[in-house]
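Worth knowing before you read on, the calculation uses all heavy atoms, side chains too, and leaves out hydrogens, waters and symmetry mates.
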Amino acid sequence: MLNNIIKDKTIEWLQSDDCSVKYLVKYIHKKGELRDTQIQAIEAYLFLKIKGENKPLWQLFAEGFFTNGTDLSKLNINQNTREFLAKNKFALALFDFARQKNGKTTLLPELEKLIIEQPENIKYEDIIKTIFYNVNYADYLMSLPMGAGKTFLMASMIYLDLYFADNEPDNKNFAHNFLVLIPSGLKSSIVPSLKTIEKFDPSWVLPEPSASKIKQLLKFEILDQAKTASKSNKAENPNAQKVNHCLPNPFGQVFVVNAEKVILNRIYLDAQQELFEKSEDEKDKYANELRNLIGKIPNLSILIDEVHHATDGDIKLRQVVNKWQETGNITTVLGFSGTPYLSKADKINVTETAFFKFSQITNTVYYYPLVTAINYFLKTPKVKIAQNLNRFQVIEKGITDFNEHYENKIYENGNIAKIAIYCSNIESLEEEIYPYLTGTLKINPDEILRYHKGNKKYKLPIENELLFNSLDVPKTIAATKKRYILLVQIGKEGWDSPSLTGIILSQKGDSPKNMVLQTSCRCLRQVDKGKHETARIWLNEYNAKVLNEQLKKEQQTSIEELNKLDRKTEPEQIERFSRIEHLLLPKVEFYQLKITYNSIDEEEKPNTKNKLEALLNQINFYVLLF
């Protein structure tokens with residue numbers, strides 16, 4: 001889709017004379033704190049923000065911003081079509097896009113043929129808007145795999161936007177405030193990682209003193225208070241109060257919000273898929289109040305983490321953002337995901353009988369594949385498939401294999417390598433897996449950490465949550481002792497634990513089917529920068545099949561290809577040798593000449609007397625000095 005076109009045009013823009021941020025980008029490269037993929041995403045973002053003037057993608061597309069300058073005079077098309085395309089910029093943009101190279105063929109050959117044959121029968125503007133979800137604001141998706149540093153990328157974009165907004169406060173292309181939306185199911189694991197935005201060092205992307213100045217402007221609020229602080233006043237909404245307190249003209253405000261529970265809950269769609277709100281009870285008023293106040297925040301950029309989880313509420317979310325946009329306050333919507341592919345391809349109707357489909361999310365403006373990340377910085381995995389084994393045998397095999405390779409592994413920060421064993425439910429963890437580890441496998445209980453939310457039958461000590469959140473904090477008990485992590489509905493996504501080096505999914509249900517890829521890749525995060533690290537993933541047959549399907553669909557790769565990856569830390573040395581004898585080349589005779597020149601300087605007017613007098617004066621001057 002567009003991401004490849006944008007990549008090429010970004011490079012071209014950065015090398016041009018009209019690139020106003022050339023030196024800023026050079027600074028970020030020279031600073032060397034961000035990964036190449038993060039910098040590339042920033043470059044694409046700045047390209048769309050500055051060169052693209054933060055326009056909606058459909059508008060840029062329609063204006064020919066992404067075209068390759070198709071020369072209609074050189075195409076083998078009829079004169080009627082040629083004249084039509086020359087006069088209709090929307091038609092030319094769609095035609096040029098359909099003709100983009102895609103391997104040995106073009107991107108949309110059937111659409112290309114249809115435009116040539118029936119140019120007048122196509123509603124080009126409607127189709128272009130439909131491709132980009134009919135939104136009238138800048139809506140971009142940044143796709144980076146797990147462990148590539150999406151949180152730092154979000155922080156970088158917040159700081160860059162605020163930097164430009166501070167310099168040009170009247171420029172509507174740059175945000176003054178930010179709303180970070182997270183899926184409710186991932187709240188426990190993602191909110192802590194989002195808090196790292198507060199700790200982000202802005203000098204990675206901005207030179208001083210600008211970096212420190214912008215950091216002082218940022219103010220963070222997490223809107224996670226579900227109930228009123230006072231039971232006697234049910235209408236009081238503490239989250240709404242936080243937003244209302246900063247109005248009408250906040251600058252540098254960053255709100256972190258639970259997307260479903262706070263934004264999407266208590267709203268409904270009618271038969272026409274249009275949004276309407278109820279106000280029948282206190283809960284409706286509570287939800288609507290916050291939503292309405294957020295819509296009043298000026299110059300607001302919305303950042304949606306793990307955007308693919310908004311699928312069920314995607315229409316609702318778009319409708320909410322569209323309603324906010326009616327006030328003119330939305331600057332940009334940024335989505336972040338490791339999987340830019342749809343579970344079901346979108347169908348775009350061209351005529352009553354013709355259509356085409358997109359499997360990739362069409363507003364993907366940057367995409368960095370998982371395989372590339374493994375080749376450059378993630379751990380290199382070995383995926384093991386346990387066939388015809390029960391869950392206990394899978395766990396035993398996985399732990400034995402893990403200990404053979406990582407039992408004595410200690411990373412540079414002092415953390416030991418860890419393995420996570422996911423369980424389908426709390427009873428299974430407490431009554432089967434944990435006793436099996438401590439009993440049959442004779443594992444020291446002090447090396448095991450159990451973590452789940454508990455139920456009526458099983459409660460965990462409150463310190464287990466602290467231990468879970470401290471697994472990668474050097475010199476803590478969790479970092480130095482806890483090696484085997486037993487989890488239920490925790491840590492499938494958004495869990496930032498670089499020392500996690502192994503994963504076991506031993507039966508169906510250990511992970512939701514649509515999250516097997518994300519769960520399996522939890523152990524691939526890099527620990528020691530620049531070092532070649534490895535990991536182990538053990539799956540039963542069911543989870544292996546699901547993983548393979550998701551790899552093929554979402555990353556265009558497979559388990560087999562992952563197992564073949566072997567990153568080389570040193571460049572390959574290729575010996576140089578002469579091919580004269582092999583090619584039977586004749587000897588070349590040559591002569592070496594040595595030329596010497598004798599030069600004589602002659603003066604037409606010697607002025608010998610004057611030169612001698614000047615020399616004498618210089619001698620007398622030095623005599624006086626010394």
Side-chain angles (χ1 to χ4, degrees), residues 146-147 151 182-196 198-199 222 224 256 258 305-306 379 395 398-399 402 406 409-411 413-438 443-455 457-506 510-512 515 518-527 535 537:
M146 179 281 309
T151 305
I182 60 172
S184 63
L186 304 177
K187 177 182 174 182
S188 61
S189 56
I190 291 184
V191 169
S193 67
L194 288 177
K195 287 183 178 178
T196 61
E198 295 185 71
K199 302 176 183 178
I222 297 180
D224 61 350
V256 181
N258 181 311
D305 197 35
E306 304 298 351
K379 296 188 183 83
I395 291 172
I399 289 178
F402 175 81
Y406 306 108
K409 176 66 178 178
I410 301 177
Y411 292 103
N413 60 6
N415 288 349
I416 63 173
K418 303 171 181 64
I419 185 169
I421 303 168
Y422 291 85
C423 306
S424 55
N425 54 64
I426 295 174
E427 284 74 18
S428 175
L429 185 154
E430 296 288 355
E431 298 172 6
E432 298 176 344
I433 308 305
Y434 181 67
Y436 179 73
L437 264 59
T438 56
I443 294 175
N444 186 343
D446 291 340
E447 296 183 282
I448 302 173
L449 174 63
R450 294 168 293 148
Y451 187 51
H452 51 72
K453 292 301 182 181
N455 57 23
K457 186 175 181 181
Y458 292 102
K459 305 290 183 182
L460 287 176
I462 192 170
E463 60 266 21
N464 281 35
E465 182 174 2
L466 176 62
L467 289 171
F468 178 76
N469 293 327
S470 306
L471 284 172
D472 282 82
V473 179
K475 299 180 181 179
T476 62
I477 294 175
T480 56
K481 285 188 177 182
K482 302 300 181 183
R483 186 184 304 276
Y484 309 96
I485 319 301
L486 303 185
L487 302 171
V488 178
Q489 298 301 317
I490 296 289
K492 300 182 296 295
E493 194 165 32
W495 177 26
D496 184 6
S497 179
S499 65
L500 188 67
T501 311
I503 293 290
I504 296 178
L505 296 177
S506 61
D510 286 347
S511 167
M515 297 182 67
Q518 287 80 12
T519 305
S520 300
C521 291
R522 284 300 93 202
C523 61
L524 300 187
R525 290 181 184 270
Q526 183 185 60
V527 186
I537 301 170

* Might you work through the side-chain contact (heavy atoms from CB on, under 4.5 Å) test for Ile537 and Cys523, ending with a clear yes or no? => CA-CA 8 Å; Ile537 301 170; Cys523 61; 3.8 Å; yes
* Structure fact -> For Ala535 and Tyr406 the tightest heavy-atom approach is N-OH, 3.2 Å
* To do: Kindly compute the distance separating CG (Leu505) from CD1 (Ile421), expressed to the nearest 0.5 Å.
  => 10.5 Å
* **Heavy-atom closest contact (Gly398 atom, Ile419 atom, distance)** => O-CD1, 4.2 Å
* To do: Determine whether Leu471 and Ile485 make a side-chain contact, defined as any pair of heavy atoms from C-beta on separated by less than 4.5 Å.
  => yes
* Give, for atom CD of Glu431 and atom SG of Cys423, the distance between the pair rounded to the nearest 0.5 Å. => 11.5 Å
* To do: Would you check, one step at a time, whether the test salt bridge (charged side-chain N to carboxylate O under 4.0 Å, His left out) holds for Glu447 with Lys481?
  => CA-CA 5 Å; Glu447 296 183 282; Lys481 285 188 177 182; over 6 Å; no
* **Minimum-distance pair of heavy atoms, taken over all atoms of Tyr434 and Pro445** => OH-CB, 3.6 Å
* Find the distance between CG (Leu500) and CG (Asp496) and round it off to the nearest 0.5 Å. => 10.5 Å
* **Nearest-0.5 Å distance, CD1 of residue Ile433 to OG of residue Ser428** => 4.5 Å
* In terms of ring plane angle, is the pair Tyr451 and Phe468 parallel, tilted or perpendicular, where the classes change at 30° and 60°? -> parallel
* Check whether any side-chain N or O of Lys379 sits under 3.5 Å from a backbone N or O of Arg525 as a donor-acceptor pair, and report yes or no. => yes
* Steps toward side-chain contact (heavy atoms from CB on, under 4.5 Å) verdict (Arg483, Ile416) -> CA-CA 7 Å; Arg483 186 184 304 276; Ile416 63 173; 4.0 Å; yes
* Look up atom CG in Asn444 and atom CD1 in Ile448, then write down how far apart they are to the nearest 0.5 Å. => 7.5 Å
* **Between Thr476 and Ser470: side-chain donor-acceptor atoms closer than 3.5 Å** => no
* Minimum heavy-atom separation for Ile503 to Ser520, with atom names? -> CG1-O, 3.7 Å
* So, Lys453 side chain and Val488 main chain: donor-acceptor pair closer than 3.5 Å or not? -> no
* To do: Apply salt bridge (charged side-chain N to carboxylate O under 4.0 Å, His left out) to Arg450 and Glu430, showing your working.
  => CA-CA 8 Å; Arg450 294 168 293 148; Glu430 296 288 355; 2.7 Å; yes
* Structure fact -> In terms of heavy-atom contacts, Leu429 and Pro435 come closest through O-CD, 4.0 Å
* To do: Test side-chain contact (heavy atoms from CB on, under 4.5 Å) on Ile399 and Tyr484 and set out the steps.
  => CA-CA 9 Å; Ile399 289 178; Tyr484 309 96; 3.9 Å; yes
* **Beyond-backbone contact of Thr501 with Lys418, side-chain heavy atoms, under 4.5 angstrom** => no
* Around Leu460, counting heavy atoms of other residues, nucleotides and ligands shown, do more than 12 lie under 6.0 Å from its CG? -> yes
* Sidechain-backbone polar pair: Asn415 side chain, Tyr411 backbone, donor-acceptor under 3.5 Å -> no
* Asked: Sub-3.5 Å donor-acceptor pair from the side chain of Arg522 to the main-chain atoms of Trp495, do we have one?
  -> yes
* Applying side chain to side chain donor-acceptor pair (under 3.5 Å), run through Asn455 and Glu427 and close with a yes or a no. => CA-CA 9 Å; Asn455 57 23; Glu427 284 74 18; 2.9 Å; yes
* If every non-hydrogen atom of Ser511 is compared with every non-hydrogen atom of Thr519, which pair is closest and at what distance? -> OG-OG1, 3.0 Å
* Asked: If you round to the nearest 0.5 Å, how far is OH of Tyr436 from CD1 of Ile443?
  -> 9.0 Å
